[in-house]
J.: 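One structure coming up, written as structure tokens, with questions to follow.
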Amino acid sequence: MPVAASAIYFLNLRGDVLINRLYRDDVGGNMVDAFRTHIMQTKELGTCPVRQIGGCSFFYMRISNVYIVIVVSSNANVACAFKFVVEAVTLFKSYFGGAFDEDAIRNNFVLIYELLDEIMDFGYPQNLSPEILKLYITQEGVRSPFSSKTSDKLVPNATLQVTGAVGWRREGLVYKKNEVFLDIVESVNLLMSSKGSVLRCDVTGKVIMKCFLTGMPDLKLGLNDKIGLEKESQLKTRPAKSGKTIELDDVTFHQCVNLTRFNSEKTVSFVPPDGEFELMKYRITEGVNLPFRVLPTIKELGRTRMEVNVKVKSVFGAKMFALGVVIKIPVPKQTAKTSFQVTSGRAKYNPSIDCLVWKIRKFPGQTEPTLSAEIELISTMTEKKSWTRPPIQMEFQVPMFTASGLRVRFLKVWEKSGYNTVEWVRYITKGGSYEVRC
Amino acid sequence: MALSGMRGLSVFISDVRNCQNKELERLRVDKELGNIRTRFKNEKGLTPYEKKKYVWKMLYIYMLGYDVDFGHMEAVSLISAPKYPEKQVGYIVTSSLLNENHDFLRLAINTVRNDIIGRNETFQCLALTLVGNIGGREFAESLAPDVQKLLISSSCRPLVRKKAALCLLRLYRKNPDVVNVDGWSDRMAQLLDERDMGVLTSSMSLFVALVSNNHEAYWSCLPKCVKVLERLARNQDVPQEYTYYGIPSPWLQVKTMRALQYFPTVEDPNTRRSLFEVLQRVLMGTDVVKNVNKNNASHAVLFEALALVMHLDAEKEMMSQCVALLGKFIAVREPNIRYLGLENMTRMLMVADVQDIIKRHQAQIITSLKDPDISIRRRALDLLYGMCDVSNAKDIVEELLQYLSTADFAMREELSLKAAILAEKFAPDLSWYVDVILQLIDKAGDFVSDDIWFRVVQFVTNNEDLQPYAAMKAREYLDKPAIHETMVKVSAYILGEYSHLLARRPGCSPKEIFSIIHEKLPTVSTSTIPILLSTYAKILMHTQPPDQDLQSQIWTIFSKYESCIDAEIQQRAVEYHALSMKGAALMDILAEMPKFPERQSSLIKKAEDSEADTAEQSAIKLRAQQQSSNALVVTDQRPANGTPPVSQLGLVKVPIMSNEKIIHGQDQSTGEQVVAHTNGALTIMDPQPPSTPSPDLLGDLLGPLAIEGNTGIAPQSDPNMGSGFEGGTNADALAIAPVEEQTNTVQPIGNIAERFQALCLKDSGVLYEDPYIQIGIKAEWRVHHGQLVLFLGNKNIAPLNSVQALILPPSHLKMELSLVPETIPPRAQVQCPLEVINLQPSRDVAVLDFSYKFGTHMVNVKLRLPAVLNKFFQPITVTAEEFFPQWRSLSGPPLKLQEVVRGVRPMLLAEMVALFNSLRLMVCPGLDPNANNLVASTTFYSESTRAMLCLIRIETDPADRTQLRMTVASGDPTLTYELKEFIKEQLVYIPVPSRSAAPMPPQVRPTSPPNAVLDPGALLAGLL
């Protein structure tokens, strides 16, 4: 396995080092200065996540107000490095209780150093699963070995836990009520031309589960995806149902999923970790049901006036509704005065982002509210720079709707003791980068 | 101030200041800008208070670095507001947001003018400040007279007049043509009588600007300036607020003295006397005190006074007083003062005669060389360098050498260069010079440029007396345990040449010398090994009787390096090995190096170059220039034995091509290229002069006819057009160079053009011959260097006088001809080496302008030198694997050019192969599947392109041998084009049959009219 990191740095937005950890000595301690001068202080910041400066590669990403920079001098596995960062951040979040930012880092120096020691050795990523690490790295104080009271909790055998067949689940869990929660969360990315033709469209989805199950249960999940259905119909020599089948691209599973069985039987079966985890991720590029259509008309009337008309049409079922819909309509920088007429929701001009922001809290299906705005521009000294007309952006959440059409057909839980379980399934579709050119 | 009332503004400012990072700040600012836009767009309009507030905000945002491109209208409109707070913000924002080119300013001009001519003096001040800040042309045109009026008006308060003077100064600096200052000398004189110090200071600034432009008109003001100085110096009538630490208005003093420096001299004896009195007072009265501010002020005055003293060229006494003062300064502890002292001493050197006085402070200056502050050390070095002469050179150079071992790395290179130059310039004797340079190399090897040790080798080679001494010194240095590589180089070279002179001394037998040099071999880099190999060969040669043991040792080394990967080392090893086998012949071949021709020291040239960069050091430079004439003092003392006395400069001054001409040439060539691209089938390339006899030339697609038309007009055309005539034909540039009538009495023997063509293909032969003289040439070409030797042979029994040879190199060649003796003795042959460096590809030919006098005949010939394009080729065989990727990678013009050439002289393919090979274009058989095609390759060398692979493909048509298609590719567009044209010239070239219609230099044989007037028909026949 190639190296993922020689050193990891956590910087704040000014470029000060909050915490750093050198895993290998093939990079100098001052590499972060190079990062600061060559990336942070230039316009390149945020354009390209991988840069090479003087024989070292810098991989960086920004999480809230922290830059996480990985420095490697050898030929590293970039994907592995980024995955490591993402996983590490999830780990930190689960330790800090949700937030990961500069303050959280400052408040948890010791813990972070402890974790950094644990999750990577000599540049190779180690166990990053919060469930297991939490068993060994605790935030409690140190107990004196001479204390008379022996620990009531048995410290489990770490080696066995990590190397065992089911490393992600502890034995001997007991719940009074056995429940499984399953969420399908999709985010739609769209780029549409002003004429309404789709230029780019895809859906990235996740299946997130939360399990509170006793013992070592075996779960089996069936979706209405193409491969699974075809296999099933082959096995059972039963004609496939006429229902819609979905073709999933780039499916990745959590490590608990039994891949050999998936390869042979095309069923997703797994022993779940305790608590919340992400079971699978997928992408869909064909046959996406777009939840909204946006029809903008923007007219420039002379040098100082503009007229904006935007109609948004919801194309999901009439009984469903979208929440938190925000439509950002860009306007020129020299916008001075705006007046609106909206059929639902509220609109206002936000000069900080140079957009008209139209918010609709609850947006029922099969409706089409409109916004019409008149905009007055201020005259400027310099020749009027031609306005580039950035695309209209949209944010939304539609519960119980999947843009891909994916459905859970079954979720079976099997355990030795044969207890009953309660399964909860939820769907939600969010707007990713949902853009319409105007 | 006015801000106190504006809550919104202070809230905004504190918001911005409280922003955690840039991004938040931007958001806040954008929000505010949106707010301001909305407010400005409000139909109801704004109250003056609101307008003022938002314009202040705008200014604040602008000051934070954000782009504010609106609201100028509001700012300008505030100028006309009646109340001060609004007017103030209007003026301030307008002068910072707008520049002189904004149209909005026109709107303001009238209001500003009203304020200026108005009676309210605060408004006048605001307006004057705005005009001064913006200072645009329109402002100057419409407001300058009013400002002038304000300045001289007696009714204005000093405050306003002060501002008016500064405003006018700015307008004048910006647009001297617009501000009318005719007849201002009287007014200036009047102004200089001003009692108010503030107005006087401002007026003096204006006066300095006026005088710097034209001092003639202001002679009358000169006594006034001196009066001002007197008044200040005597501290008469200077109000308390204008004295600074007890010094009466130092600023005014400095300005006045600056102004006085613009007048060439002070003529009036009275004025002069009183001025000197004042200066004397300044010089005497200044001392170093504890208070820094007081020091700064008094020294500013003092140094300006020094500058004035230098400028006025005062009597020696005063000068020596100045130097004494400076001497005091360079001894104080305060570094700033020491710096200024040293710097001013360096400047003092410019005004001659103080050198002796400065010399008294030598010890102190040398101490400054050890100052902790590097800028002081540099100044001290400059000063030492500047003050050095024969008398103190030894001390100074030794001091520099001593200092070298402790100096910073940043200074070492400069230091070593300067030490080397001084040693060379002022050496009392040569052995000292050698000592110094060897020490220099020993102490600062890394910082000693090659030039320095080349120079020492030159000296030693040219001075026989010095050789044993140098050899001994070199031997001594080799005994040291660790020596620098440069030292190894010098020592090896000197010992190789002259170690035999030491043979009798203990420890200097060839064997010992060899072993001590050989010890160093493993430690040196590849560039030094060749020198060591030469040394071994020389030692071997000098060992008489031969020492078998040593011989076998050296041979082992040679054979070891025969397979060295470095071509230079390998070649030397092989050659020396083979040569040393030859026994006695070795003696002749490896004889002592001949003396070097005297050259201007490359070191001094280098120092001049580097000084040209730091234009600051004018004084040193000036002195260096003054002394460059005796730069070669030492070398001139000895008569160069054997050779006739020559002038000191071995370098032949080459006529510098005027820029105009170069541009002309470029225009031509680009013009040609355009033609070449637009009608690719044409062979005609030359833009025709207007007198072209065939007007339909471009329309005529027949190549041969085009050529004919071209050559036909060539002899008639202006010689200046010569550079343009490098195109399609072989109508040589030389052919049209005119020669004066009277020189033509001597007939050349043989055909000059033919000889030239032959020499283009081979490396030695006769270039020119007539009844009196024969000029032979022998050339060696290596990469982009060429070494030609001209053999000037006098065929007569009487000497040839006034021999002159001048090289007229084209811009792409750098040529250096060694000196040609003025007289060639009877029946003697003189050899003149000629160095050629090819800078860039071009087909232009160098011309040798050669003249001599035989009896009363003055003969002048202009000969083309065969330093042509193909001489810089190195034939190279390429394989198909190398050829095709290269060929494909060079795609399309300008790197790859294709042309159909018509009117080719018919020849068999084999002949063409032979022609190409003789042109050093290696024909690579088998690369092109078609047997009628030729593929050739070569490497071209020049300084600009370095080694550049050129690939040529010729497709012939077996049915019609007079035409072919040629494709030329290389990595350089110029090279491709030039090479294509060159080959074309060769292909259509007619190898001068004796009956020939070939172009002949008409001025050399003016008696043969058929050649001068070319018969197009004959030419055509020759071509076909």
Side-chain angles (χ1 to χ4, degrees), chain A residues 11-16 18 36 40-43 45-46 62-67 101-103 106 301-306 328-340 347-357 373-387 390, chain B residues 12 15-16 19-46 50-51 54-55 57-59 61-62 65-77 93-108 134:
Chain A
L11 310 177
N12 67 8
L13 293 186
R14 288 223 323 257
D16 304 330
L18 300 171
R36 201 180 299 130
M40 287 198 88
Q41 289 166 5
T42 60
K43 284 185 180 158
L45 188 66
R62 181 178 162 176
I63 310 242
S64 72
N65 56 359
V66 177
Y67 278 100
D101 53 17
E102 195 181 337
D103 291 335
R106 288 191 189 282
L301 312 166
R303 279 174 63 94
T304 58
R305 280 190 63 225
M306 274 177 66
K328 290 179 186 161
I329 304 150
V331 289
K333 214 169 165 46
Q334 56 268 39
T335 300
K337 254 182 81 182
T338 47
S339 58
F340 304 98
K348 71 169 190 200
Y349 166 58
N350 185 341
S352 310
I353 52 172
D354 293 315
C355 282
L356 304 179
V357 181
E374 272 189 29
I375 294 165
E376 276 186 67
L377 308 176
I378 199 158
S379 54
T380 58
M381 278 300 299
T382 43
E383 272 303 297
K384 196 182 165 193
K385 289 166 219 150
S386 61
W387 181 44
Chain B
F12 170 61
D15 275 3
V16 167
C19 284
Q20 295 272 321
N21 51 41
K22 197 79 191 153
E23 213 167 312
L24 291 176
E25 183 188 294
R26 195 190 57 77
L27 288 177
R28 179 69 186 91
V29 166
D30 276 344
K31 189 179 156 202
E32 195 59 44
L33 281 176
N35 180 27
I36 299 173
R37 283 196 295 262
T38 318
R39 297 297 179 150
F40 282 169
K41 201 70 189 179
N42 200 340
E43 286 95 6
K44 277 177 258 165
L46 296 164
E50 280 173 325
K51 210 187 233 181
Y54 292 121
V55 171
K57 277 186 185 172
M58 251 170 56
L59 180 65
I61 291 169
Y62 178 77
Y66 296 91
D67 198 19
V68 176
D69 56 356
F70 63 91
H72 303 101
M73 192 64 209
E74 280 73 14
V76 170
S77 71
V93 173
T94 308
S95 57
S96 33
L97 254 59
L98 298 182
N99 64 33
E100 52 177 304
N101 302 321
H102 274 295
D103 293 338
F104 268 111
L105 278 182
R106 294 219 183 93
L107 304 175
I134 291 177

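Chain naming here is simple, since letters A, B, ... match the order of the sequence lines and numbering starts at 1 in each.
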J.: Under a 4.5 Å heavy-atom cutoff, which of A:Thr335, A:Asn65, A:Ile353 has the most pairs with chain B?
T.: A:Thr335

J.: Is the B:His72 ring parallel, tilted or perpendicular to the B:His102 ring (thresholds 30°, 60°)?
T.: parallel

J.: Taking the side chain as everything from C-beta on, heavy atoms only, tell me whether B:Phe70 gets closer than 4.5 Å to B:Arg37.
T.: yes

J.: Heavy-atom distances under 4.5 Å only: say whether B:Arg39 touches chain A with side chain, backbone, both or neither.
T.: neither

J.: B:Glu23 versus chain A, heavy atoms under 4.5 Å apart: side chain, backbone, both or neither?
T.: side chain

J.: Quick one: closest heavy-atom pair of B:Asn99 and B:Ile134, and the distance?
T.: C-CG2, 4.4 Å

J.: So, B:Lys51 and B:Ser77: side-chain donor and acceptor under 3.5 Å apart, yes or no?
T.: yes

J.: Chain A heavy atoms under 4.5 Å from B:Leu33: which part of the residue, side chain, backbone, both or neither?
T.: neither

